[in-house]
Amino acid sequence: MKAVITQFINKIESYPLSFKSWLLAFSSIVFLRMLGENLLSGFAGKSVDFFIGSVLAAWLFFLFSFIIFTTILTVFLKIEPVKIANVLLWGFILVIFPPFIDRLMCGSDYWSFYLFDNLSNIVKKFFLFFGDSPCFGITYGVRIEVALASLLVGFYAFSKTNKILRSFLAAFISYFVLFVLGAFPSFLTFVIMFWQKHIFSIESYDVAGIFLSTSGFLSIKDVSVLNALNVKMNLFYAFFSAIGAIFYFWLFYKNKFWKVVKNIRWIQVLVHVGLVIFGFSLAIFYFPQNITINIFSFLALANIFLGSIFAWVASVFINDIEDRKIDEISNFKRPLVEGYLTADNYRDLFWLFFIMSLVLSLSVGIKFFLIALIYQIIAWMYSAYPFRLKRFPFIATFTSSLAITLWFLAGFILLSDKQQISEIPPKIIFLLLIAFTFSLPIKDLKDIEGDRKNKIWTIPVILGEKWARFFIGFFIFISYALSVIWLNVKILFIPAMLCGAISFALLNKASLSSRRVHVLVFWIIFIYAVCVITFFVGPVIFLKLKLSN
């Protein structure tokens, strides 16, 4: 019997699990759980916002749980992560059944919910297996699910180690993690209110006041009572899941992790984050009354930052796959060319970052999800066939400028009334589009040989490096000049002229390599962006905030 069980476990562990197959299986389990809940409720009428919020909440909750368990068991049992992931995927089938168990044992009079309580009661309930009231809060179904999951983890640990103590510890750790997740809003409240109240004086109504309140944050206003918990917990789960996924990748795949980190073009990462900050700063200029300083505002902004970064990194993977022949000539240190990562690794990482960029954005709101999705569509059209727009001069850079400008809009609507962009002066959008369209060819200077051999007609390929440097430098200077005219801020004249002149000079310095000039010109742009925010947005923000107080 033991041999049969061992053989069965080994067969599950050895399944060739790709990220796409895992994602499909994992999502199917979560959606079956949600389908069961809705079937039992008779598909009771709920708003679209509630439906999206509840499905996302379930998906993110189980994703966060999966990351935690995979990490802990991999370290604790010293087994390959992919084997643990395969086994856990089968174990997660348990999450489908709690709604049916609750209906069977409580009838229609039950409510599966988090554990809201003070610290002393939570400690007691930990040792009493969630305490009383099994038809409300942590219900019969959830308790049976937790018990079975803990026992199965212990059994799996014993099958791999043959050590009773280690198996018991694995089961206990599983119960501890699941208990903490079941009372997660309470534990978060202890952290949030740590500086306001003594931790033992924080009560269940404090937890409810934070997570069930209809008060919004930033541009998210009038959250419904039914959906408030979903909206707020989704911000936490999306943020923690993103950080957890990065930590997981670093912990178990260090060599590949650092190769990816070196390859993600950090200048572009800073451009994306900088545009979110610029958009958000401009929104403060128009909507200072919407500034709310709390943990949810911080998480919303952080998730948009991460969403923009993950979206960019996803586009890097698809671009490197399509540009492999070019990179073999011009960028031979890319991980795919060097062989540190395979094309399948790249595709898995693309889907990981693509999905997480959408999820991070959706955790803040549907409009941010659409921005992230449109960005990814444009990025795909830019890099991949049948369109591969990067082949066509000006169309390629205009497409890229349009894509990254979307993150400026995301930063703006994060604070604007009703998440609208009508208050943005059109000249600012035109300035960004023009500036990026004519300056982005700077990144193609290093790829002239590879692009020419593969018939990618960039500006440097058409004009040659010398004249391309002059062309790019000239239009960068023009962009600086236009910023002074269109923003109508005289104090920016000297910084703009200096930054434009230095950029032009650097680009036309033949001894400066194309790779190095790209970096230097970016830092000049960064310095100027700080000047714009300081001299254009800063004084008005300070004045309006002072008046509002």
Side-chain angles (χ1 to χ4, degrees), residues 22-39 41 43-68 92 95-96 98-99 112-114 142 181-182 184-185 188 210-212 214 216-245 295-308 310-311 314 351-376 410 413-414 419:
W22 174 87
L23 179 65
L24 180 61
F26 172 80
S27 299
S28 297
I29 291 169
V30 177
F31 293 151
L32 283 172
R33 163 66 177 262
M34 297 305 297
L35 177 62
E37 288 184 0
N38 283 279
L39 278 171
S41 69
F43 286 96
K46 295 290 192 305
S47 68
V48 174
D49 286 344
F50 177 82
F51 178 77
I52 293 173
S54 58
V55 172
L56 182 63
W59 195 88
L60 283 172
F61 174 85
F62 290 119
L63 173 66
F64 185 47
S65 305
F66 199 99
I67 292 171
I68 291 173
F92 259 64
V95 309
I96 298 172
S112 184
F113 200 63
Y114 288 102
V142 175
L181 290 172
F184 205 39
L188 290 173
I210 290 177
F211 286 96
L212 300 182
T214 58
F217 48 91
L218 302 179
S219 63
I220 293 86
K221 304 295 182 185
D222 301 321
V223 181
S224 70
V225 176
L226 289 175
N227 202 33
L229 183 64
N230 291 332
V231 169
K232 294 175 179 179
M233 289 305 298
N234 284 343
L235 292 172
F236 278 103
Y237 285 136
F239 180 79
F240 289 151
S241 295
I243 300 301
I295 187 64
F296 303 110
S297 297
F298 168 79
L299 286 171
L301 187 57
N303 285 358
I304 295 300
F305 283 157
L306 287 172
S308 69
F310 277 48
W351 283 111
L352 170 64
F353 282 90
F354 173 76
I355 294 298
M356 285 307 301
S357 73
L358 297 182
V359 168
L360 284 159
S361 302
L362 183 58
S363 72
V364 184
I366 188 67
K367 291 184 180 179
F368 301 96
F369 169 83
L370 292 174
I371 284 173
L373 181 60
I374 293 169
Y375 175 95
Q376 295 285 9
I413 68 174
L414 189 58
Q419 298 186 342

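Keep in mind that the numbers below use all heavy atoms, side chains included, and drop hydrogens, waters and symmetry copies.
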*Distance, nearest 0.5 Å, that separates OH of Y375 from CD1 of I371*: 12.5 Å

*Return yes if some donor-acceptor pair links the side-chain N/O of S241 with the main-chain N/O of A238 below 3.5 Å, else return no.*
no

*Just by modelled atom types, is the I210 backbone N or O under 3.5 Å from a matching donor or acceptor in the K232 side chain?*
yes

*Minimum heavy-atom distance between R33 and P99, given as atom pair plus value*: NE-CG, 3.6 Å

*asked:* Does the plane of the ring in Y237 sit parallel, tilted or perpendicular to the ring in F61? Use 30° and 60° as the thresholds.
replied: perpendicular

*Find the distance between CD1 (I68) and CZ (F240) and round it off to the nearest 0.5 Å.*
9.5 Å

*Looking only at heavy atoms, what is the nearest atom pair of L181 and S65, with distance?*
CD1-OG, 3.2 Å

*Which heavy atom of Q419 sits nearest a heavy atom of K367, and at what distance?*
O-NZ, 3.3 Å

*Do M356 and L63 pass the side chain to side chain contact (heavy atoms under 4.5 Å, CB included) test, and can you show the C-alpha distance, the side-chain angles, and the key distance before you say yes or no?*
CA-CA 11 Å; M356 285 307 301; L63 173 66; 4.1 Å; yes

*Compare every heavy atom of A372 with every heavy atom of S361, then report the nearest pair and how far apart it is.*
OG-CB, 3.4 Å

*Minimum heavy-atom distance between M233 and L188, given as atom pair plus value*: CE-CD1, 3.9 Å

_Y114 atom OH, neighbour heavy-atom count above 12 within 6.0 Å_ = yes

*Residue pair L235, I295: steps toward the side chain to side chain contact (heavy atoms under 4.5 Å, CB included) verdict*: CA-CA 10 Å; L235 292 172; I295 187 64; over 6 Å; no

*Fit a plane to each ring of F211 and F236, take the angle between them on a 0 to 90° scale, and name the class: parallel (under 30°), tilted (30 to 60°) or perpendicular (over 60°).*
tilted

*Looking at side-chain heavy atoms only, is the closest gap between L358 and L373 below 4.5 Å?*
yes

*Given side chains that start at C-beta, do those of E37 and P98 come closer than 4.5 Å, heavy atoms only?*
no

*For the residue pair W22 and F66, does the interplanar ring angle fall in the parallel (under 30°), tilted (30 to 60°) or perpendicular (over 60°) class?*
perpendicular

_F239 vs L306, side chain to side chain contact (heavy atoms under 4.5 Å, CB included): CA-CA, chis, key distance, verdict_ = CA-CA 8 Å; F239 180 79; L306 287 172; 3.7 Å; yes

*asked:* Between W59 and F26 (judged by ring centroids, cut-off 6.0 Å), do the two rings come close enough to count as a pair?
replied: yes

_Donor-acceptor check, side chain of S308 to backbone of F305, threshold 3.5 angstrom: yes or no?_
yes

*Tell me, please, which residues at least two apart from S363 pass side-chain hydrogen bond (donor to acceptor under 3.5 Å, both in side chains).*
N303

*CG on N230 to CG on L56, rounded to 0.5 Å*: 8.5 Å

*How close do Q376 and F310 get, heavy atom to heavy atom, and via which atoms?*
NE2-O, 4.4 Å

*Answer yes or no: is there a donor N or O on one side and an acceptor on the other, between the side chain of N234 and the main chain of L60, under 3.5 Å?*
no

*About how many Å separate CG of L23 and CD1 of I355, when rounded to the nearest 0.5 Å?*
5.0 Å

*So F368 and L360, side chain to side chain contact (heavy atoms under 4.5 Å, CB included) or not? Walk me through it.*
CA-CA 9 Å; F368 301 96; L360 284 159; over 6 Å; no

*asked:* Run the side-chain hydrogen bond (donor to acceptor under 3.5 Å, both in side chains) test against S297 and tell me which residues pass, sequence neighbours left out.
replied: T292, N294

